[in-house]
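Right, one structure below, let's go through it.
Computed from a prediction, not measured in an experiment: that's the story for all the values here.
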2 protein chains.
Amino acid sequence: MTKVLIVDDEPQILRALRINLRARDYDVQTAADGGSALESAAAYLPDLIVLDLGLPDMDGVEVIRRVRGWTDAPIIVLSGRAGSEDKVKALDAGADDYVTKPFGVDELLARMRAVTRRHAGQAATTVLIGRHSVDVANHLITSTEGGEGTRLTPTEWHLLSLLVRSPGKLISQKQLLHDVWGPQYASETNYLRQYMAQLRRKLEPDPAHPRQLLTEPGMGYRFLANP
Amino acid sequence: MTKVLIVDDEPQILRALRINLRARDYDVQTAADGGSALESAAAYLPDLIVLDLGLPDMDGVEVIRRVRGWTDAPIIVLSGRAGSEDKVKALDAGADDYVTKPFGVDELLARMRAVTRRHAGQAATTVLIGRHSVDVANHLITSTEGGEGTRLTPTEWHLLSLLVRSPGKLISQKQLLHDVWGPQYASETNYLRQYMAQLRRKLEPDPAHPRQLLTEPGMGYRFLANP
DNA sequence: CCGAATTTTGACGCTGCCTTGACGGAGCAG
DNA sequence: CTGCTCCGTCAAGGCAGCGTCAAAATTCGG
């Protein structure tokens, strides 16, 4: 579930966004001024920050700069000012997008999807595999259609993490063996065959014809995020 | 130098952007309709695409979808329509940003910086051969026109990597044989004939008349990046 | 110390890759 | 014209690599 921090000093906007985002299954936190925004960002570690520039206590651009000092999370700026200069300043300070008020909620949601899609490559904490939602960081699997979530053994988690960590990228057998079983097992491809089969059996809808946990014959394995 | 492809059917906008971007040290190409936009994108491999949605021959969203099929380059949409629905469609199709006309050039430039800044981190080295986009690092091939991407065997990848690594340069048969099959196979030119044929069959549009995987009789082989 | 879960090891069939050999045509020299 | 070299093409056999099943060995909690 994507964690969003919303920073705005107008309570009704905060409230409207909170309701809309929660309805779409976002995990939402809010802040009403620059100081608490910085605190919340550090404590809550959001995947995405929606930031109003017109804060009572601090310049919005300054907030962007401070946040950018330690995190790469996407920032979407909201602002009443439509001036070119403000936009340039905010974007160059590290913002990813700039939306002028008044704005449509649908548009904001689409822009949120666009920026998180870009950022998802490395920070993806939860991915979809077959009918399962896999949270690698918390070692949690939930079924997307009500049923029971499968359970993975430690070794299975370890192997899956490596693959999921870099979606779309080919990872060589040697690398996988090295990282999961240690340097001395550089050629025991039996392990990989065994555990890839188990992962497919537990996650892929049709284990015989995997769509996301793919084999690249003679080279390695690959995880595809978008099947 | 960042390569930008600008797609718009209004000549004066094309001209204005071209001048402004060239002055800022961008490498600029232009296209006036969807068809030539897709061609240019495949031939020119831009780092960033600025795309007007109101094209004469094709739906802009369709252009986005087609381009997204084989490349990850950021796309900024220009549009006269300010409606929420158009924005959502374009962004969900894979666009990174959406700017409504009329727009300030400074703002567009700032948004270009913002999206390229994001994309810089995850850029992959990809080469175009025939109708295929070849990512040598990730061992991935995607078609530039929708269909399925071909698959290469390990030996085919090995040979192709050597050729692609130094575009335009002639590589001797001895060198290729040595690097792929080992020092003892310094004269088995059968291998090369066999595998060059397979590469051409899988990558060249007309394998009988190769345009990029070329033979230099009596010498070796050569890969041409720009056909 | 016992039992269940997990890891490790071994064996087997099959797909598809590598290898090998043979053949034909283009280009060139004599 | 003739013979030669070099390249492209095709076909077929052997075998490596992958998926699968099964069972032994190990770990771990109670």
(request) Kindly indicate, with the supporting measurements, whether the criterion side-chain hydrogen bond (donor to acceptor under 3.5 Å, both in side chains) is fulfilled by B:Thr126 and B:Ser133. (result) CA-CA 7 Å; B:Thr126 162; B:Ser133 161; 3.0 Å; yes
(request) Sugar-phosphate atoms are those with a prime plus P, OP1 and OP2; base atoms are the rest. Using that split, label each nucleotide of nucleotides 2-20 of chain C B, S or - for protein heavy atoms under 4.0 Å, 5' to 3'. (result) ----SBBBBB-----SSBB
(request) State which residues pass side chain to side chain donor-acceptor pair (under 3.5 Å) with B:Asp206; sequence neighbours excluded, sorted by chain then number. (result) B:His209
(message) Counting the atoms with a prime plus P, OP1 and OP2 as sugar-phosphate, which does B:Arg200 contact under 4.0 Å by heavy atoms, base, sugar-phosphate, or nothing?
(response) sugar-phosphate
Contacts of [X] that satisfy salt bridge (charged side-chain N to carboxylate O under 4.0 Å, His left out) - sequence neighbours left out:
{"X": "A:Arg200", "result": "none"}
{"X": "B:Asp86", "result": "B:Arg81"}
{"X": "B:Arg151", "result": "A:Glu216"}

Pair up each side-chain donor or acceptor in residues 160-177 of chain B with any protein partner under 3.5 Å, not counting sequence neighbours, and list the distances.
unit_1, atom_1, unit_2, atom_2, d
B:Ser161, OG, B:Trp157, O, 2.5
B:Ser172, OG, B:Gln175, N, 3.1

(request) Not counting sequence neighbours, list each pair that qualifies as a salt bridge (Lys or Arg N to Asp or Glu O under 4.0 Å) and has a residue in residues 133-150 of chain B. (result) B:Arg131-B:Glu145
What pairs of nitrogen or oxygen atoms, one from the protein and one from nucleotides 27-30 of chain C, lie under 3.5 Å apart?
none

(message) Looking only at the side chain of B:Gln173 (C-beta and beyond, no hydrogens), which of the listed nucleotides D:dC7, D:dG8, D:dT20 gets closest?
(response) D:dC7
(message) Closer than 4.0 angstrom, basic N to acidic O: yes or no for A:Arg118 and B:Asp72?
(response) yes
(message) Quick test of your reading of the model: are A:Asp96 and B:Arg113 salt-bridged, counting only N-O distances below 4.0 Å?
(response) no
(request) State, to the nearest 10°, the angle formed by the axis through the first five base pairs of the helix from C:dC1-D:dG30 to C:dG30-D:dC1 and the axis through its last five. (result) 30°
(message) Here's a test of your reading of the structure: between B:Met196 and A:Arg201, which maps to the more 5' nucleotide of DNA chain D?
(response) B:Met196
(message) Quick check: on DNA chain D, is the nucleotide nearest B:Tyr221 upstream (toward 5') of the one nearest A:Ala208, or the reverse? Name the residue that is more 5'.
(response) B:Tyr221
Taking only nitrogen or oxygen atoms into account, show me every contact under 3.5 Å that the protein makes with nucleotides 27-30 of chain D, one pair per line with its distance.
none

(message) Tell me every residue that passes side chain to side chain contact (heavy atoms under 4.5 Å, CB included) with B:Glu10, counting only those two or more places apart in sequence or in another chain.
(response) B:Asp8, B:Gln12, B:Ile13, B:Lys101
(message) Suppose the criterion is ring-ring contact (aromatic ring centres under 6.0 Å, His included): which pairs have a residue in residues 34-54 of chain B, not counting sequence neighbours?
(response) none
(request) Just say parallel, tilted or perpendicular for the rings of A:Tyr185 and A:Tyr191, cut-offs at 30° and 60°. (result) tilted
(request) Check whether any side-chain heavy atom of A:Lys202 lies under 4.5 Å from a side-chain heavy atom of A:Thr153, and answer yes or no. (result) yes
(message) Output the rounded distance in Å from CG (B:Leu176) to C1' (D:dC7).
(response) 15 Å
